[in-house]
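Read the structure below first, then the notes.
No hydrogens, no waters, no symmetry mates; every other heavy atom, side chains included, goes into these values. Order of listing sets the numbers, starting from 1, for every ligand and every atom in it.
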Amino acid sequence: MAIKVLKEKCKGCTKCVKNCPFSAITMENKIAVIGASCTGCGVCVKECPFEAIEKVEEEKEAVDLSAYKGVWVFAEQRQGEIMQVAIELLGEGKKLAKEVGTELCAVLCGNNISGLADKLFAYGADKVYVADNPELENYRTDAYTKVIFEAISIYKPEIVLLGATHIGRDLGPCLAVKCNTGLTADCTKLEIDPEDKKIKQTRPAFGGNLMATIICPNNRPQMSTVRPGVMDKAIYTEGRKGELIKLDVEFKKGDIRTKVLEIVKKAGEMVSLTDAEIIVSGGMGIGKQEGFELLKQLADTLGGTIASTRACVDAGWIDHSYQVGQTGTTVKPKIYFACGISGAIQHLSGMQNSDYIVAINKNENAPIFEVADYGIVGDLYEVIPVILEELKK
Ligand SMILES: Cc1cc2nc3c(=O)[nH]c(=O)nc-3n(C[C@H](O)[C@H](O)[C@H](O)COP(=O)(O)OP(=O)(O)OC[C@H]3O[C@@H](n4cnc5c(N)ncnc54)[C@H](O)[C@@H]3O)c2cc1C
Ligand code: SF4
Ligand code: SF4
């Protein structure tokens with residue numbers, strides 16, 4: 001859908017300019033002109049007192065799919081640190097690129113971050129597109145969308161992957177709308193169809209009760225946000241080289257409407273469950289908030305961190321940042337201790353890919369034992385002290 005001004009009817013009253021929620025209309029020679037930031041919302045059509053604006057159906061042009069090449073990974077960085085999810089995406093992107101028979105590229109935005117490109121090459125990127133500009137210091141929707149959209153328009157990748165972090169979930173849809181293409185959010189599995197080389201994007205739907213596999217047959221790039229902690233990290237090869245491509249970054253007045261006043265790091269954000277190698281997680285079976293102290297003792301002894309189920313978060317025993325599961329964090333540690341956790345599907349979806357799962361539960365029929373590598377039937381308040389005793393020896 002496009003928006004068109006009927007010049008002969010426009011009286012230049014500027015009512016549409018004032019009412020456009022996206023500041024997309026300007027006046028030229030007393031006639032309204034619709035700019036590139038128009039989203040087609042239709043507000044101006046109703047607002048114009050002279051019926052001088054109308055919505056017109058655009059003829060759909062078939063996209064030349066063959067013009068799009070390469071798998072792109074959005075290399076999300078914060079304060080000069082590449083996020084773990086970007087390394088997971090490079091690992092997954094490499095597999096996809098190999099199956100399609102194309103190259104793996106990373107897109108890096110920030111300020112004074114060109115040095116990070118070497119790390120991305122070492123993690124498998126063949127090319128790194130870098131947008132280095134003071135305006136890109138902190139993530140801002142409009143700035144990052146503009147730069148990456150322009151790069152996509154020029155270099156035409158066929159697949160674009162972003163981490164389903166707060167930033168990726170914000171940026172992905174903005175890019176997809178700009179590119180007029182499809183986006184599958186929060187994917188947990190990506191694979192290439194061997195027949196047509198298109199990407200099959202699978203994500204949990206309906207509270208995790210259904211896995212939906214989604215394709216984007218006629219538009220490019222095919223875009224996905226991918227859940228952090230699900231894919232295997234890329235392998236680091238010291239000294240591996242690639243091609244660095246600098247992106248032209250130019251912002252005009254009005255391009256960036258957001259201003260970052262302050263970035264506040266909540267204590268909760270310091271919890272890095274996705275990086276933890278050992279997680280001692282507690283469920284309602286701990287019976288009370290203080291139960292986490294016992295779990296913390298075990299976690300500290302093993303050099304790990306504690307986590308929990310949603311039920312404990314809902315009970316107000318622990319902060320949401322510790323929650324593992326479908327509506328919490330997905331984790332993949334070396335060892336996951338599930339203590340007093342029943343093993344609901346919504347919890348399992350966030351931890352079942354852990355290397356080893358050790359379950360401690362009073363009820364031998366608890367579903368958690370179906371995914372556990374080692375199961376101990378017993379009261380966690382009796383079992384954990386025994387484990388601690390043994391570890392001390
Ligand atoms: C849309 C939706 C999203 C959800 N998202 C999540 C999510 O992200 N993460 C999540 O965890 N849940 C999520 N849930 C909730 C989920 O369905 C379960 O309700 C929750 O995981 C149960 O938590 P639990 O295992 O701690 O508690 P319970 O199911 O109450 O299990 C407690 C377990 O502890 C055992 N136990 C009791 N006392 C002891 C003891 N002394 N020693 C040893 N074992 C003992 C019991 O036998 C039982 O198996 C979601 C639900 C919905 C509907
Ligand atoms: S509201 Fe209508 S008449 Fe007024 S400037 Fe806009 S298009 Fe022209
Ligand atoms: S359709 Fe919406 S965004 Fe586009 S010019 Fe009209 S009011 Fe603005």
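- Protein heavy atom nearest atom 5 (S) of ligand 2, with residue, atom name and distance: Thr14 N, 3.3 Å.
- The distance from ligand 1 to the heavy atoms of Gly378 drops below 4.0 Å at these ligand atoms: 42 (N), 43 (C).
- Among Ile384, Thr329, Asn363, Asn361, the residue whose heavy atom lies closest to atom 49 (O) of ligand 1 is Asn361.
- For Ile345, no heavy-atom contact with ligand 1 is shorter than 4.0 Å.
- Between Lys146 and Glu150 a salt bridge is recorded (basic side-chain N to carboxylate O distance below 4.0 Å).
- Under the 3.5 Å distance criterion, with hydrogens and angles disregarded, a donor-acceptor pair is assigned to the side chains of Ser224 and Gln201.
- Ranking the protein heavy atoms by distance from atom 3 (S) of ligand 2 puts Lys11 N, 3.3 Å first.
- Among His320, Arg310, Met284, Gln323, the residue whose heavy atom lies closest to atom 8 (O) of ligand 1 is Gln323.
- Taking every heavy atom of both residues into account, Arg78 and Glu76 meet most closely at NH2-OE2, 2.7 Å.
- Within the listing of ligand 1, atoms 8 (O) sit less than 4.0 angstrom from a heavy atom of Gly328.
- Closest approach of Val45 to Ile53, counting heavy atoms only: CG1-O, 3.5 Å.
- Of all the heavy atoms in Tyr123 and Ala234, the pair that sits closest is O-CB, 3.3 Å.
- Taking a cut-off of under 4.0 Å to the non-hydrogen atoms of Gly42, the atoms of ligand 3 that pass are 1 (S), 2 (Fe).
- Ligand-side atoms of ligand 1 in range of Gln326: 7 (C), 8 (O), range being under 4.0 angstrom from any heavy atom.
- Residue Ala344 touches ligand 1 through its side chain alone, judged by heavy-atom distances below 4.0 Å.
- Nearest protein heavy-atom neighbour of atom 4 (Fe) of ligand 2: Cys13 SG, 2.3 Å.
- Counting the atoms of ligand 1 from 1 in the order shown, those under 4.0 Å from a heavy atom of Gly285 are 32 (C), 34 (O), 36 (N), 37 (C), 38 (N), 39 (C), 40 (C), 41 (N), 45 (C).
- When distances to atom 8 (Fe) of ligand 2 are checked against a cut-off of 2.8 Å, Cys48 contributes no N, O or S atom below that limit.
- Protein heavy atom nearest atom 8 (Fe) of ligand 2, with residue, atom name and distance: Cys10 SG, 2.4 Å.
- Note that the CD atom of Gln84 and the CD1 atom of Ile82 stand 10.0 Å from one another [nearest 0.5 Å].
- Ligand 3 lies within reach of Pro21, whose nearest heavy atom is under 4.0 Å from it.
- Between Glu88 and Met231, the shortest heavy-atom distance links the atoms CG-O, 3.4 Å.
- Residue contact annotation: Cys44 places no N/O/S atom under 2.8 Å from atom 4 (Fe) of ligand 3.
- Counting protein heavy atoms only, atom 2 (Fe) of ligand 3 is closest to Cys41 SG, 2.3 Å.
- No hydrogens or angles considered: nothing links the side chains of Tyr144 and Asp170 as a donor-acceptor pair under 3.5 Å.
- Close approach to Phe22 involves these atoms of ligand 3, each under 4.0 Å from a residue heavy atom: 3 (S).
- Listed by atom number, the atoms of ligand 1 under 4.0 Å from Gly325 heavy atoms are 7 (C), 8 (O), 9 (N).
- Among all non-hydrogen protein atoms, the one lying nearest atom 6 (Fe) of ligand 2 is Cys16 SG, 2.3 Å.
- The atoms of ligand 3 that sit less than 4.0 Å from any heavy atom of Ile25 are 5 (S).
- Among all heavy-atom pairs drawn from Val73 and Ala86, the shortest one is CG1-O, 3.9 Å.
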